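We use all heavy atoms of the structure for the numbers below, so side chains are in, but hydrogens, waters and symmetry mates are not. Values in this document were obtained by computation on a predicted structure and should not be read as measured data.
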Amino acid sequence: MLIIKKLRLQRGWSQAELAEFSGLSVRTIQRIEKGEKPGLESRKSLAAVFDLDAGDFQEENLMENGLSVTPEEEKAMGEVRKLKGFYSHLMTYVLVIAILFAVNLLVDPGYIWAFWPALGWGLGILSHALGAGIFGGFSLFGPEWEKKQVEKKLGRKL
């Protein structure tokens, strides 16, 4: 339920902090934020943390109580998730490639073989960035491209 994520982010809490405050596991918080419906006990725990009624987390009560996630908020959360995934990928790349270069220089400084995995994985990083629209919304095969292709196949003018 994105509403849990929205409420958590409004308070500036991490998933671990919300888990600690509510007595739930981090994994439970992750599953709920990804859309799994919380059980009664989980709803009660979360309601207590957010100072709400447990019934407020029922789908039919969300709109009545002003506890909904707008399409813009949902889109922004999705974009932040993509950005977070990209940064995580980039940090892993930098760390692993640095270790490979260190090993390369210790074992065989005459031939820099670590360049090859750096190049290959670097192209993967670039592909990830383009696919996630990291560079100012530029996406090689994003929604706009898809829309143009569909319109083209249907013989419609843009």
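Distance check: L100 CG to F115 CZ gives 13.5 Å after rounding to the nearest 0.5 Å. One finds the CD atom of E33 at 13.5 Å from the NZ atom of K6 (value rounded to the nearest 0.5 Å). In this structure, CZ on R8 lies 8.0 Å from CZ on F50, to the nearest 0.5 angstrom.
Between the side chain of R156 and the backbone N or O of K152, no donor-acceptor pair lies under 3.5 Å. Between the side chain of E151 and the backbone N or O of K148, no donor-acceptor pair lies under 3.5 Å.
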Please tabulate, for side-chain N and O atoms in residues 85-95, each donor-acceptor pair with protein atoms closer than 3.5 Å (sequence neighbours left out).
{"unit_1": "H89", "atom_1": "ND1", "unit_2": "H128", "atom_2": "ND1", "d": "2.7"}
{"unit_1": "H89", "atom_1": "NE2", "unit_2": "W121", "atom_2": "NE1", "d": "2.9"}
{"unit_1": "T92", "atom_1": "OG1", "unit_2": "S88", "atom_2": "O", "d": "2.9"}
{"unit_1": "Y93", "atom_1": "OH", "unit_2": "A118", "atom_2": "O", "d": "2.9"}

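Residue pairs meeting the side-chain hydrogen bond (donor to acceptor under 3.5 Å, both in side chains) criterion with at least one member in residues 100-113, sequence neighbours excluded, are Y111-W116. Sorted by first and then second residue, the ring pair (Phe, Tyr, Trp, His ring centres under 6.0 Å) pairs involving residues 17-49 (not counting sequence neighbours) are W13-F21. Residue pairs satisfying the side-chain hydrogen bond (donor to acceptor under 3.5 Å, both in side chains) criterion with at least one member in residues 77-86, sequence neighbours excluded, are absent.
Listed by chain and residue number, nothing satisfies the salt bridge (Lys or Arg N to Asp or Glu O under 4.0 Å) test with E20 (two or more places apart in sequence, or in another chain). Residues meeting the side chain to side chain contact (heavy atoms under 4.5 Å, CB included) test with S45, sequence neighbours left out: S22, L24. Under the rule for a side chain to side chain contact (heavy atoms under 4.5 Å, CB included), the partners of E72 that lie at least two apart in sequence or sit in another chain are T70. For E41, the side chain to side chain donor-acceptor pair (under 3.5 Å) criterion is met by no residue, not counting sequence neighbours. With sequence neighbours excluded, the residues forming a side chain to side chain contact (heavy atoms under 4.5 Å, CB included) with L9 are K5, listed by chain and number. With sequence neighbours excluded, no residue satisfies side chain to side chain contact (heavy atoms under 4.5 Å, CB included) with S127.
One hydrophobic cluster, built from ILVMFWY side chains closer than 4.5 Å, cannot hold both V26 and I32; they sit in different ones. Cluster membership check: V96 does not share its hydrophobic cluster with L123, using side-chain heavy-atom separations under 4.5 Å among Ile, Leu, Val, Met, Phe, Trp and Tyr. Linking Ile, Leu, Val, Met, Phe, Trp and Tyr residues whenever their side-chain heavy atoms come within less than 4.5 Å places L119 and I99 in a single cluster. Hydrophobic clustering (side-chain heavy atoms under 4.5 Å, transitive across Ile, Leu, Val, Met, Phe, Trp, Tyr) keeps V80 apart from M77.
The other members of the hydrophobic cluster of V150, by chain and number, are L154 (side-chain heavy atoms under 4.5 Å, ILVMFWY only). Other members of a hydrophobic cluster containing L40 are absent, since no ILVMFWY side chain comes under 4.5 Å of it, directly or through relayed contacts.
Across P109 and I112, no two heavy atoms sit closer than the pair O-CD1, 3.9 Å.
Paired with L46 under the rule side-chain contact (heavy atoms from CB on, under 4.5 Å), one option of T28, L7, I29, L52 passes, and it is I29.
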